[in-house]
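Notes follow once the structure below has been shown.
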Amino acid sequence: MEKNKIAILGTGNLGRSIAEGIVDKGVAKAENVILTKRDLSPLSDLIDQGFKASVDNREAVAGSDIVLLCVQPSQLSNLLGEVKDLLTKEHLLISVITGISISDIKAKIGDSIPIVRAMPNTAIAIGESMTCIASENTEGLEVTKKLFDALGQTLVIEENLMQAATVLGASGIAFFMRYLRAATQGGVQMGFDSKDAQLIAMQTAKGAASLVLEHQSHPEVEIDKVTTPMGCTIEGLNEMEHKGFSSALIQGIMTSFLRITKMNTD
Ligand SMILES: NC(=O)c1ccc[n+]([C@@H]2O[C@H](COP(=O)([O-])OP(=O)(O)OC[C@H]3O[C@@H](n4cnc5c(N)ncnc54)[C@H](OP(=O)(O)O)[C@@H]3O)[C@@H](O)[C@H]2O)c1
């Protein structure tokens, strides 16, 4: 990567996962990554691994090519106010902040600095994120894609789909977790202890997603392979549909989407 000095402004849960992931996958060297936070004490293990750390966002921006904005939405204004005079068109600004558009950021820092929006999910911590990225800056998109490709799969989307990407990809982690919990409860009712039931549910979910990804097939194609005529699977599946399984999921997704849309106009 041509731009190799990276600043992560606001190294909380997501910033830490990104920092660990890019170094672990060899996209950046720890000594080229500077992490900021007002309280540095939770970063001591990363500092021991060779990361730089500072409470000074200005120092971090001045010494970097790529600046990742990883603070909470309510903390962004102060942060940008602090560093905006140091940002140049040579920087690439990547924002993972939910609900803040590129034009919102431009309104605070001007429109000469390349900005990319990225929406990863928490599986970034294990290099399995689904990350959607958007920008009108082609070079910025390329650099950002390379960065996040090391941490899972990356998809370039139009910025107007970012809220949908947040619901499907980031909130989606919670939706799948609820499926896993319910499947585990079913397993316990059938006689497994909870640890075994959870393992069976988790590995089965991972296998199901991997089948569709690797075969590049459709879920219904994989379902057809499991459903014997008059068998137990189709009977269970149809009962789930009678109880509104697909409908409940779609309605839940749409309710989250309506909420996130409203949050941006509140
Ligand atoms: N969790 C997800 O699934 C997910 C997915 C995609 C995007 N996002 C977005 O990612 C962002 C970060 O989420 P998170 O879960 O990592 O939040 P978080 O754990 O609260 O991290 C934010 C960090 O920013 C630091 N901070 C706040 N103000 C600062 C300042 N002025 N200078 C330097 N550091 C500052 C805070 O530490 P100090 O208080 O010590 O400064 C904190 O560690 C959010 O905007 C969220 O919307 C989250």
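Just follow the structure's listing: the first ligand is 1, and inside any ligand the first atom is 1.
- Short contacts between ligand 1 and Asp39, defined as distances under 4.0 Å to a heavy atom of the residue, involve ligand atoms 40 (O).
- Counting the atoms of ligand 1 from 1 in the order shown, those under 4.0 Å from a heavy atom of Ile97 are 45 (O).
- Assignment of Asn78 to the shell around ligand 1 is not supported, since no heavy atom sits closer than 4.0 Å.
- Looking at every heavy atom in both residues, Leu213 comes nearest to Gln153 through CD2-NE2, 4.0 Å.
- The side chain to side chain donor-acceptor pair (under 3.5 Å) test applied to Ser74 returns no partner, not counting sequence neighbours.
- Look at Glu222 and Lys225 and you find a salt bridge, because one of the NZ, NE, NH1 or NH2 atoms lies within 4.0 Å of a carboxylate O, short of that distance.
- In terms of protein heavy-atom proximity, atom 22 (C) of ligand 1 is nearest to Cys70 O, 3.6 Å.
- At the shortest separation from atom 47 (O) of ligand 1 among protein heavy atoms lies Thr98 OG1, 2.5 Å.
- With respect to atom 5 (C) of ligand 1, the closest heavy atom belonging to the protein is Pro120 O, 3.3 Å.
- Taking only non-hydrogen atoms, the option from Thr11, Asn13, Leu68 nearest to atom 15 (O) of ligand 1 is Asn13.
- Taking only nitrogen or oxygen atoms, main chain and side chain alike, Ala170 does not reach within less than 3.5 Å of ligand 1.
- Taking only non-hydrogen atoms, the option from Asn121, Leu14, Ile124 nearest to atom 8 (N) of ligand 1 is Leu14.
- Comment: Asp104 does not engage Arg117 in a salt bridge, judged by the lack of any side-chain N to carboxylate O separation of less than 4.0 angstrom.
- The protein heavy-atom contact nearest to atom 32 (N) of ligand 1 is Asn57 ND2, 3.0 Å.
- At a 3.5 angstrom cut-off on N or O pairs, Thr122 does not count as close to ligand 1.
- Across all their heavy atoms, Pro120 and Leu14 have their closest contact at CG-CD2, 4.0 Å.
- Of all the heavy atoms of Met119, the ones lying under 4.0 Å from any atom of ligand 1 belong exclusively to the side chain.
- For atom 24 (O) of ligand 1, the nearest non-hydrogen atom of the protein is Gly10 CA, 3.3 Å.
- The nearest heavy-atom contact from the protein to atom 17 (O) of ligand 1 is Gln72 NE2, 2.9 Å.
- Close contacts between ligand 1 and Gly12 involve ligand atoms 16 (O), 19 (O), 21 (O), 23 (C), 43 (O) [criterion: under 4.0 Å to a heavy atom].
- With respect to the salt-bridge test (charged N to carboxylate O, under 4.0 angstrom), the residues Arg16 and Glu20 qualify.
- Formation of a donor-acceptor pair under 3.5 Å by the Ser129 side chain with backbone atoms of Gly152 is not found in this model.
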Please tabulate, for side-chain N and O atoms in residues 106-116, each donor-acceptor pair with protein atoms closer than 3.5 Å (sequence neighbours left out).
none

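- Counting only heavy atoms of the protein, atom 35 (C) of ligand 1 lies nearest to Val71 CG1, 3.7 Å.
- Cys70 approaches Ile8 most closely through the heavy-atom pair SG-CG2, 4.0 Å.
- Nearest heavy atoms, Val71 versus Ile97: O-CG1, 3.4 Å.
- Residue Gln75 touches ligand 1 through its side chain alone, judged by heavy-atom distances below 4.0 Å.
- Heavy-atom neighbours of Phe175 CZ from other residues, nucleotides or ligands within 6.0 Å: above the threshold of 12.
- Given atom 39 (O) of ligand 1, the protein heavy atom at minimum distance is Arg38 NH2, 2.9 Å.
- In plain terms, the two heavy atoms of Val67 and Leu87 that are nearest each other are CG2-CD2, 4.4 Å.
- Proximity of Val96 to ligand 1 is established by a heavy-atom distance of less than 4.0 Å.
- Contacts between Pro73 and ligand 1, counted as non-hydrogen atom pairs separated by less than 4.0 Å, involve both the backbone and the side chain.
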